[in-house]
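Structure, as structure tokens:
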Amino acid sequence: MKVIETLDEIRAQVREWKKEGRSIGLVPTMGYLHEGHGSLIQQAVAQNARVVVSDFVNPMQFSSPGEDLEEYPRDLEQDTAFCEQLGADVIFHPAPEVMYPHPFLTYVDVDQVTEGLCGASRPDMFRGVCTVISKLFHLITPDRAYFGKKDAQQLAVIRKMTEDLNFDVEIIGVAIVREQDGLAKSSRNTYLTQEERNVAPMIYQVLKAAKKAVEQGQTDAAVLSSAFMDAMAEEPLFDPEYAEIVDQQTMQPVKRVKGDGSCLMAVAVRLGKARLIDNIEL
Ligand code: AMP
């Protein structure tokens, strides 16, 4: 497995694979890989002749106030061993100045889908995500690209961008991977103290309770959202940011849950230094 850091080299590698008629899968990540990323990589390896894992802490998506760019955990050596073990072919690990030569003046913005949920408190994040993913799509020209359903809004935004800008790539959403106690795996879980880590699984327990309530006939989105916020209020360590029921495709709020899997309950909760997001299909 190769670690590639330059644009010329990744382009040359992709050109070679295309000449050989190989299909290419892309797994975009910010590194510090865990089994959540692993599940995307495994699916990519199963479905493509060659797999590129991009490992890039994208500064452009950290430009809202109070973001954790400096502290974001990094470990290229461990990531390389992890990818190699799973059968990826290349880690693409460019330096920020390689991806963003100065001055960098071009951005990709998606409207509406980006406006609520995480887009409300992190207004620049999706511009950063869409710009970097567009660049990766151009550089790597993957047949398929893999995104986790944990970041449900990101997945919806990327699907819309791909459709609107005619990227010739299949976007594949991969199920959320959780710790045994239900906490969604995340590189940011390393920010949690032991005490915070102990209460964190409550987020998923309350999401599951919402799903159960829907199965028992509750369809009122406002009731479901307030029940989540009320449950979070019982643990003083939690500082919930939002709990919303949205359409999975448009990310627009719905008033009534249809119960056909088209909606999800998406939540963001601050817990100590970490901002945890999670969701459940209803
Ligand atoms: P990140 O490195 O956090 O930007 O994540 C890179 C990709 O891995 C994104 O598409 C995430 O949605 C996905 N991902 C991260 N954590 C998980 C998880 N626990 N389960 C499934 N996918 C995940």
Side-chain angles (χ1 to χ4, degrees), residues 25-45 51-62 64 67-69 71-76 78-80 82-83 86 88 91-94 96 99 113 117-118 122 124-137 140 142 144-162 169-192 197 200-201 203-204 207 248 251 264 266-269 274-281:
L26 169 66
V27 182
T29 81
M30 297 206 297
Y32 212 71
L33 303 178
H34 50 67
E35 284 89 352
H37 302 108
S39 156
L40 274 61
I41 298 168
Q42 272 168 334
Q43 197 166 332
V45 167
V51 169
V52 178
V53 177
S54 63
D55 188 314
F56 178 62
V57 182
N58 175 28
M60 198 190 282
Q61 69 193 70
F62 285 77
S64 305
E67 295 280 347
D68 54 345
L69 176 62
E71 296 141 273
Y72 197 86
R74 295 159 168 91
D75 191 339
L76 182 62
Q78 201 178 293
D79 289 352
T80 309
F82 186 75
C83 287
L86 293 176
I91 290 194
F92 180 48
H93 180 67
M99 289 302 266
V113 196
L117 308 176
C118 292
R122 306 179 71 195
D124 297 324
M125 180 182 63
F126 287 117
R127 159 186 273 210
V129 168
C130 290
T131 303
V132 82
I133 297 295
S134 297
K135 286 165 69 70
L136 292 170
F137 283 179
I140 295 160
R144 299 177 193 85
Y146 297 80
F147 296 87
K149 291 187 179 179
K150 174 173 168 288
D151 299 274
Q153 189 176 18
Q154 170 173 280
L155 177 59
V157 169
I158 296 295
R159 283 194 195 285
K160 192 69 189 110
M161 177 190 83
T162 300
V169 52
E170 186 184 351
I171 304 299
I172 296 179
V174 180
I176 303 176
V177 177
R178 300 180 179 281
E179 303 287 354
Q180 279 198 340
D181 57 17
L183 175 64
K185 289 195 184 244
S186 165
S187 310
R188 288 187 167 101
N189 291 349
T190 52
Y191 297 159
L192 299 173
R197 177 64 188 80
I203 298 170
Y204 184 51
L207 281 173
Q248 284 213 43
M251 291 289 130
L264 45 84
V267 302
V269 178
R275 179 178 175 280
L276 305 177
I277 61 169
D278 202 346
N279 67 80
I280 200 162
E281 220 171 72

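Please read these numbers as outputs of a predicted model, since none were measured by experiment. Ligands are counted one by one from 1 in listed order, and the atoms in each one are counted from 1 as well.
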Where ligand 1 meets H34 - atom numbers and elements under 4.0 angstrom, heavy-atom basis:
15 (C), 16 (N), 17 (C)
Could you tell me which atoms of ligand 1, counted from 1 in the order shown, lie closer than 4.0 angstrom to a heavy atom of P28?
6 (C), 7 (C)
Under-4.0 Å heavy-atom contact with ligand 1, by part of A175 that carries it:
backbone
Pair R178 + D278: basic N to acidic O under 4.0 Å
yes
N/O separation below 3.5 Å, S186 to ligand 1:
no
As an exercise, state the distance from OG1 of T29 to CD1 of I91, rounded to the nearest 0.5 Å.
7.5 Å
Just need the protein heavy atom nearest to atom 10 (O) of ligand 1, so name the residue and atom and give the distance.
G148 N, 2.9 Å
Mark the output for R188 as yes if a heavy-atom distance to ligand 1 is under 4.0 Å, and as no if none is.
no
Is there at least one pair of N or O atoms, one from D151 and one from ligand 1, spaced under 3.5 Å apart?
yes
Numbered in order shown, the ligand 1 atoms found under 4.0 Å of a heavy atom of L40 are 7 (C), 8 (O), 10 (O), 13 (C), 22 (N)
Any side-chain heavy-atom pair of R144 and Q43 under 4.5 Å
no
Which ligand 1 atoms does Q154 reach within 4.0 Å, using its non-hydrogen atoms?
9 (C), 10 (O)
Out of curiosity, D79 CG to R74 CZ, how far, rounded to the nearest 0.5 Å?
11.5 Å
Residue, atom and distance of the protein heavy atom nearest atom 20 (N) of ligand 1 read V177 N, 2.8 Å
Please give me the minimum heavy-atom distance between V174 and S39, naming the atom from each residue.
CG1-OG, 3.3 Å
Within this structure, what is the NZ-CG distance for the pair K185 and L183, rounded to the nearest 0.5 Å?
9.0 Å
Check: R197 and D181 side chains under 4.5 Å, non-hydrogen atoms:
yes
Near K185, which atoms of ligand 1 are under 4.0 Å from a heavy atom of that residue?
16 (N), 17 (C), 18 (C), 19 (N)
Can you list the steps and then say if V132 with M60 is a side-chain contact (heavy atoms from CB on, under 4.5 Å)?
CA-CA 8 Å; V132 82; M60 198 190 282; over 6 Å; no
Which one of R178, H37, M30 has a non-hydrogen atom at the shortest distance from atom 5 (O) of ligand 1?
H37
4.5 Å side-chain heavy-atom contact, V157 and V129:
no
At less than 4.0 angstrom from any non-hydrogen atom of I176, what atoms of ligand 1 do you find?
20 (N), 21 (C)
Ligand-side contact atoms (ligand 1) for residue partner K150, heavy atom cut-off under 4.0 Å:
16 (N), 17 (C), 18 (C), 19 (N)
